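This report concerns only the one structure given below.
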Number of protein chains: 2
Amino acid sequence: MSSAPLARKAPLRWGVNYTPSDSWFHSWQDFNIDAVKADLESIASIGLDHVRIFPLWPLLQPNRTLIRPAGIADVGRVVDAAAEFGLDVSVDGLQGHLSSYDYLPSWVTSWHRRNIFTDPDVIAAQAELVTALAKEVTSRENVLGMTLGNETNQFAVARHPEKHVTTPAQMGEWITTLVDTVKKVWPEGMHQHSFDDNVWFIDSSPVTPRHAASLGDATTVHSWVFTSVSRLFPAGHPARTLFADYLVQLADSWAETPTRPIWLQEIGAPYPAVPQEQAADFLEASLRPLMDTPNLWGTTWWCSHDVSRKLADFPELEYTLGLLDSDRKVKPAGRRLAEMIEAEKRNPTVPVQRGTALSFDSGDEATGIGRSVTDPSGEVFAAWLELAARGEKPTLVRESKLADAGYLAARGINKVLTAGQVGARPAATGDVPVVSEANIWAETVEA
Amino acid sequence: MSSAPLARKAPLRWGVNYTPSDSWFHSWQDFNIDAVKADLESIASIGLDHVRIFPLWPLLQPNRTLIRPAGIADVGRVVDAAAEFGLDVSVDGLQGHLSSYDYLPSWVTSWHRRNIFTDPDVIAAQAELVTALAKEVTSRENVLGMTLGNETNQFAVARHPEKHVTTPAQMGEWITTLVDTVKKVWPEGMHQHSFDDNVWFIDSSPVTPRHAASLGDATTVHSWVFTSVSRLFPAGHPARTLFADYLVQLADSWAETPTRPIWLQEIGAPYPAVPQEQAADFLEASLRPLMDTPNLWGTTWWCSHDVSRKLADFPELEYTLGLLDSDRKVKPAGRRLAEMIEAEKRNPTVPVQRGTALSFDSGDEATGIGRSVTDPSGEVFAAWLELAARGEKPTLVRESKLADAGYLAARGINKVLTAGQVGARPAATGDVPVVSEANIWAETVEA
């Protein structure tokens with residue numbers, strides 16, 4: 001059951017994670033503004049309104065006390081180039097992790113290894129870097145804000161070969177410190193942290209759903225079906241195209257403030273889970289169900305340009321994720337997105353609150369222990385899919401909020417079911433596979 | 001007892017390991033030919049004839065199949081700039097390890113970790129890189145040759161936190177493959193590999209003394225008293241200033257070919273083992289005893305310019321190792337070296353073979369097991385020091401060579417003693433401390 005339609009405060013935003021067509025992020029080393037402009041022009045041709053950009057931490061800050069002015073200035077030049085093509089820019093600070101590769105400066109690795117989340121000197125240096133980036137771009141009119149870094153949680157997850165051991169409390173402090181640092185010099189920006197779906201599903205992840213849904217100005221969602229959904233559900237199963245919507249609703253359920261913005265900051269069509277000729281359909285089928293989410297800020301597809309085959313060792317999926325190929329030609333998924341954006345301009349999706357909510361026990365919210373109840377192998381996801389199949393357009397709600405009538409009313413929830421009441425059978429039992437593309441790459445190499 | 005004086009085939013070479021005064025090796029990222037020229041001019045002012053230079057591997061080859069043409073070209077530009085000041089250049093390929101920092105590209109670390117000495121794809125990529133470097137510089141008249149990388153053995157030693165496990169046979173193959181690769185495109189250069197003194201002293205080191213003294217065109221020696229000698233022998237003890245000579249003689253003893261060149265490729269005056277006001281005396285006292293070694297190619301001091309205090313986290317000793325400070329002003333040690341070079345030009349040191357040799361059991365030369373008998377805590381070093389104190393100017397000889405009269409004659413050895421016959425008491429018993437500046441840094445951080 002849906003509540004009454006709402007008015008959108010601002011149009012849905014449509015963007016792309018910008019992966020430079022020539023030399024990927026290594027292009028920062030041989031910065032070529034003409035190549036950047038050609039990329040951005042090709043991105044703008046799809047009708048997108050923003051890009052998310054990724055400088056590399058070791059290149060910007062090769063020594064703890066050396067932030068390269070030229071590197072910072074290049075970030076500003078990308079922002080200016082984007083303005084020429086009507087694109088806004090969101091800047092990620094600490095990369096960090098990108099497409100299976102880790103980039104950490106030598107002053108926190110090997111002999112100099114220090115915990116990047118808890119060492120006071122490291123945090124002070126990170127604060128210097130995000131401050132330098134914020135100062136560089138804040139006066140530009142086409143900047144949106146900053147994300148602390150791409151999926152920074154990955155350096156703290158159990159599966160990481162060089163995990164930085166961190167408690168939820170320490171991680172909360174780290175995120176808060178750096179978001180506050182950015183806000184100090186750039187108060188009007190929309191600033192956030194980002195993470196993969198371990199944060200929603202893995203009990204031991206030190207970044208918790210509470211961190212996800214309370215720190216920073218928006219809750220970010222990265223939706224990748226290859227990590228577990230495509231392993232649990234066969235090709236053609238609606239679980240695959242509904243997963244992004246599920247994550248958006250889950251993100252919504254963890255927020256204390258019902259109006260907190262949600263940014264679907266990454267979603268892609270990963271081969272072979274999504275065959276290339278189905279990428280356009282996957283894109284549309286994944287985005288349509290969630291576009292009416294009232295507090296959805298926007299969607300940022302991963303990624304702009306295919307990684308060139310000239311570059312080695314990427315997980316296979318990275319070579320084909322682009323809306324454009326590495327020659328800047330629009331691919332079918334890019335054309336489909338362009339059509340959706342065009343249609344959306346003509347006839348904007350009406351935001352609709354979801355009356356039906358599936359409740360779940362959110363466990364110990366301070367540590368996140370218990371969150372795994374919502375992972376894709378469990379009965380919550382199965383029940384949510386079943387409700388969706390019945391045409392309910394379900395959302396999710398934490399049991400701990402069920403006694404809060406004001407909260408339920410604010411979200412428009414008027415019908416609450418438990419997974420037991422729905423009675424759907426989970427796709428699989430046992431542990432959810434805990435993987436990432438980096439794991440997949442490692443498995444490939446070991447094989 | 002010394003044999004008759006010999007004639008030198010070529011004058012002793014005098015050089016310095018070039019550490020850029022502004023931003024250290026991070027200056028490759030913001031390559032400024034004027035700053036390079038100013039550095040090289042200040043180096044030439046001391047009277048030196050060559051520099052050893054160090055590009056950074058991750059900057060030159062950020063992806064396995066991406067070698068940055070601009071990065072390679074910058075190496076060529078440094079060579080050309082050196083020519084303007086009458087300096088020859090030796091190029092180190094794979095950095096690798098420098099001053100406690102490890103620089104490995106992201107495609108061999110973390111999720112992409114692969115053994116950098118044995119993985120066929122990695123070796124092929126390394127071969128591509130050293131080939132690109134060799135091709136860039138080989139036609140220049142002022143290039144000397146290439147070293148595979150600075151102390152590449154450090155990535156394979158037991159104490160390394162992320163050791164790449166390698167057998168002596170594998171390491172021999174790796175060095176041979178890459179030296180042969182360089183020779184193929186640059187046959188006339190003097191090419192070598194380099195390593196710290198673990199290779200001479202630590203039984204488990206996969207780079208063996210045999211590799212040191214047989215692979216490449218010269219045997220390199222890196223002499224650093226802080227690793228163990230300054231811990232074993234008190235300030236003022238002759239062991240400290242004779243250590244470089246000992247290493248040179250030890251290198252000589254491991255060569256099958258008595259005329260094989262020895263390059264004292266690194267030696268420095270590390271604070272606090274060497275107080276700064278004693279650096280000039282330490283320099284002269286360390287170099288004088290070994291200058292008459294007939295097959296000594298030359299000496300290359302570490303380093304040209306102090307690391308700027310603007311850069312953080314270097315081991316304390318790195319901030320004061322320069323012959324010049326970070327403002328390019330010549331320091332007392334630089335002036336002393338200039339005086340020595342000037343005097344050497346007027347009155348070259350006459351090479352002298354050493355008649356007296358201390359013999360040692362070299363153990364299993366294929367694996368290097370047994371080499372630790374010569375470490376600075378043992379009776380061999382103690383006996384060698386005792387002979388030196390008696391004015392014998394001793395060299396060293398492997399027991400396995402004592403029956404080879406031709407070999408002994410070629411080296412001019414006419415008197416052989418065992419450590420037992422000399423009867424000196426070692427400075428310390430038990431295990432030799434296995435340290436490096438990286439360890440020292442790590443200890444500091446942990447403390």
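The shown structure was predicted, so the numbers you read here are calculated from the model rather than taken from an experiment. Residue numbers start from 1 in every chain, and the chains themselves are labelled A, B, ... in the order their sequence lines are given, proteins ahead of strands.
More than 12 heavy atoms of other shown residues, nucleotides or ligands fall within 6.0 angstrom of atom CD in E162(A). Atom OH of Y319(B) has more than 12 heavy atoms from other residues, nucleotides or ligands within 6.0 Å. In D22(A), the CG atom is not crowded: 12 or fewer heavy atoms of neighbouring residues, nucleotides or ligands sit closer than 6.0 Å. Taking a 6.0 Å sphere around OH of Y271(B), one finds it holds 12 or fewer heavy atoms contributed by other residues, nucleotides or ligands. No more than 12 heavy atoms of other residues, nucleotides or ligands sit less than 6.0 Å from atom CD of E173(A). Atom CD of E128(A) has 12 or fewer neighbouring heavy atoms from other residues, nucleotides or ligands inside a 6.0 Å radius.
Nearest heavy-atom pair, D313(B) versus R114(A), reported as atom, atom and distance to 0.1 Å: OD2-NH2, 2.7 Å. Heavy-atom minimum distance, D30(A) versus A70(B): OD1-CB, 3.4 Å. Residues P161(A) and S110(B) share a closest heavy-atom pair of CG-C, 3.9 Å.
Of the possible donor and acceptor atoms, none in the side chain of S106(A) sits under 3.5 Å from a partner among the backbone N and O of Y103(B).
Note: P62(B) leads P105(B), P62(B), S23(B) in heavy-atom pairs under 4.5 Å with chain A.
Taking the six-membered ring for Trp and thresholds of 30 and 60 degrees, W111(A) and H160(B) have ring planes more than 60 degrees apart, a perpendicular arrangement.
We find the CG-OH distance between N63(A) and Y101(B) to be 5.0 Å, quoted to the nearest 0.5 Å.
With a threshold of 4.5 angstrom between heavy atoms, Q29(B) approaches chain A through its backbone and through its side chain. Contact of L59(A) with chain B is made through backbone and side chain together, with heavy-atom distances under 4.5 Å. Residue P58(B) touches chain A through its backbone alone, counting heavy-atom pairs closer than 4.5 Å.
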